[in-house]
Amino acid sequence: GKKKLLRDDEEMGILIQNLNGEQHGDYFYPDISVVAMSYSTQTLIPPENNSGKNPAESGAMRISAGLGRIIVDEAGGRYAMFTKPTATFEAQEQHPQHEICVLNIKTGEVEKKPKKTMKDEKCSMGLYQISARDEQTFSFKNLLESSSVPLQLEYIVQKLKYLWGCDVDCEFTLQYNSKASIWMIQL
């Protein structure tokens, strides 16, 4: 009473997510994981370069290859603003993604594996680049420059923001369907 604490039990919602991806030998993982936000707390673009509109209001995303643990647990992955997905900042260049998180089907444990774990056809889609030190790192260049994925993700999070009346953060997985030459997006 004196400290104004709740007297009743507080209810908590629980969300159980499906693990999306594909099996690759003893491992299971999606091609790409994304956390998309309807409002960006970091901006890479000044408002005057965006017709006066605050680019943070369009939102942003963090992208990683494999399971999204690199994004969620380590705050890593490639950061991209929806208004200009190819813009980058220095911190990303200093800490590129060299490994992917995968689920080991035999042990049931999540492990970090080198990029070569991903099938070559997946990596040849422009998901990685060769650095000055001859290291293969994920860049997501083709995904950000030549696909409609950033626009689709922005649409989804802005639509949810509108429907719920508040800013949202959503987790996605992307699988490339090479037969249809399209990215499959799962929320």
Side-chain angles (χ1 to χ4, degrees), residues 10-22 29-97 100-101 103 110 122 125-128 137-177 180-187:
E10 189 173 342
E11 294 183 25
M12 178 189 290
I14 297 175
L15 174 67
I16 299 173
Q17 294 177 275
N18 283 332
L19 183 60
N20 298 320
E22 293 179 352
Y29 55 89
D31 291 336
I32 295 177
S33 294
V34 177
V35 172
M37 301 143 284
S38 62
Y39 185 86
S40 173
T41 56
Q42 302 176 49
T43 60
L44 306 174
I45 309 156
E48 61 271 9
N49 290 355
N50 199 32
S51 305
K53 182 181 176 191
N54 183 352
E57 293 174 4
S58 295
M61 61 185 163
R62 281 199 175 277
I63 310 165
S64 74
L67 295 174
R69 289 235 175 141
I70 289 173
I71 301 170
V72 177
D73 295 346
E74 301 173 19
R78 170 78 157 75
Y79 183 80
M81 304 273 312
F82 286 130
T83 52
K84 189 172 181 187
T86 57
T88 188
F89 62 99
E90 194 174 304
Q92 288 183 153
E93 304 304 326
Q94 292 174 358
H95 303 287
Q97 181 182 353
I100 62 171
C101 286
L103 175 66
V110 173
K122 299 289 185 179
M125 298 177 306
L127 295 182
Y128 70 93
T137 61
F138 291 99
S139 70
F140 309 104
K141 182 176 169 65
N142 284 356
L143 178 75
L144 297 173
E145 287 183 356
S146 306
S147 80
S148 62
V149 169
L151 185 62
Q152 291 171 325
L153 295 177
E154 178 184 8
Y155 176 80
I156 293 168
V157 295
Q158 293 303 328
K159 184 72 169 186
L160 290 172
K161 175 182 178 175
Y162 172 78
L163 292 172
W164 290 344
C166 62
D167 284 302
V168 297
D169 292 358
C170 301
E171 295 181 16
F172 297 88
T173 57
L174 308 176
Q175 284 297 128
Y176 190 72
N177 181 326
S181 297
I182 59 170
W183 285 97
M184 306 297 292
I185 301 173
Q186 295 187 332
L187 170 63

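A quick note: this is a predicted structure, and the numbers were derived from the prediction, not measured.
Across all their heavy atoms, Arg69 and Cys101 have their closest contact at CB-SG, 3.8 Å. For the residue pair Val168 and Val157, the shortest heavy atom distance occurs at CG2-O, 3.5 Å. Between Trp183 and Leu174 the shortest heavy-atom distance is CE3-CB, 3.7 Å. Between Gly77 and Arg62 the shortest heavy-atom distance is O-NH1, 3.5 Å. The two residues Ser64 and Gly68 have their closest heavy-atom pair at OG-CA, 4.1 Å.
Contact of the Leu67 side chain with the Leu19 side chain is registered, since non-hydrogen atoms from C-beta on lie closer than 4.5 Å. Considering only heavy atoms from C-beta on, Phe172 stays 4.5 Å or farther from Val35 through its side chain. Side-chain atoms of Glu57 and Tyr39, non-hydrogen and from C-beta on, do get closer than 4.5 Å to each other.
Ser147 pairs by the side chain to side chain donor-acceptor pair (under 3.5 Å) definition with nothing, not counting sequence neighbours.
Residue pairs meeting the salt bridge (Lys or Arg N to Asp or Glu O under 4.0 Å) criterion with at least one partner in residues 158-177, sequence neighbours excluded, are Lys161-Asp167.
Rounding to the nearest 0.5 angstrom, the gap separating the OH atom in Tyr29 from the OG1 atom in Thr173 is 14.0 Å. Rounding to the nearest 0.5 Å places CE of Met37 at 12.0 Å from CD of Glu154. Atoms CG and CD1, on Asn20 and Ile185 in that order, are 12.0 Å from each other to the nearest 0.5 Å. One finds the CG atom of Leu143 at 9.5 Å from the OG atom of Ser148 (value rounded to the nearest 0.5 Å). Note that OG of Ser33 and CD1 of Ile71 are 5.5 Å apart. Values are rounded to the nearest 0.5 Å.
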Does the pair Tyr79 and Ile63 meet the rule for a side chain to side chain contact (heavy atoms under 4.5 Å, CB included), with working shown?
CA-CA 7 Å; Tyr79 183 80; Ile63 310 165; over 6 Å; no
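Checked by atom type, the side-chain pair Ser38/Tyr162 shows no donor-acceptor distance below 3.5 Å.
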